[in-house]
Amino acid sequence: MAKAVTDAAKKFDLEHEEMHSKVEYIVAHGIVSSIEDKRVIIGSAHFVFEDEHCEIPADKQPLRKK
């Protein structure tokens with residue numbers, strides 16, 4: 001998954017900087033880490049939105065890929 005994220009960042013000319021520390025792998029769901037004391041969650045829609053209760057602000061909804 002990490003390689004896919006860094007490859008996508010390169011595709012969009014985004015700078016990638018290692019900022020996270022401990023990474024927790026949640027089997028069949030995704031990964032959890034933290035950056036500057038903020039929780040970072042990457043994974044399936046089920047994991048992110050249902051299990052972790054993340055929300056996307058209304059003004060950012062068009063950025064969500066389905």
Side-chain angles (χ1 to χ4, degrees):
M1 181 175 272
K3 181 164 177 16
V5 170
T6 56
D7 287 351
K10 287 178 190 174
K11 179 181 174 184
F12 290 100
D13 294 321
L14 299 173
E15 185 176 324
H16 174 260
E17 182 180 342
E18 293 287 334
M19 298 169 51
H20 58 85
S21 54
K22 179 183 162 200
V23 176
E24 180 181 354
Y25 297 92
I26 314 298
V27 177
H29 289 290
I31 59 174
V32 176
S33 188
S34 61
I35 297 175
E36 298 177 359
D37 296 325
K38 291 184 182 179
R39 189 170 167 91
V40 178
I41 300 167
I42 301 171
S44 67
H46 171 81
F47 176 58
V48 172
F49 299 110
E50 295 176 31
D51 293 349
E52 294 294 323
H53 308 288
C54 294
E55 295 180 7
I56 299 175
D59 65 323
K60 303 294 185 198
Q61 285 291 329
L63 299 174
R64 181 177 179 198
K65 288 190 173 191
K66 296 181 181 185

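These figures come from a predicted structure and were not determined experimentally.
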Review point. Should Val32 and Val48 be regarded as members of a common hydrophobic cluster, given that ILVMFWY residues are connected when their side-chain heavy atoms come within less than 4.5 Å of each other, either directly or indirectly?
Key: yes
Revision key, fill the gap. Correct closest heavy-atom pair for Tyr25 and Ile31 would be CD2-CG2, 3.3 Å
**Study point:** Cys54 to Ile41 - nearest heavy-atom pair and separation
**Key:** SG-CD1, 3.8 Å
Study note, to complete from the structure: All heavy atoms of Ser33 vs all of Val23, minimum pair found to be OG-CG2, 4.0 Å
**Study point:** All pairs passing salt bridge (Lys or Arg N to Asp or Glu O under 4.0 Å) where residues 49-63 contributes a residue, at least two apart
**Key:** Arg39-Glu52
Review point. Listed by chain and number, what are the side-chain contact (heavy atoms from CB on, under 4.5 Å) partners of Lys38, not counting sequence neighbours?
Key: none
Point to revise | Same apolar cluster (I L V M F W Y, side chains within < 4.5 Å links), Phe47/Ile42 | key: no
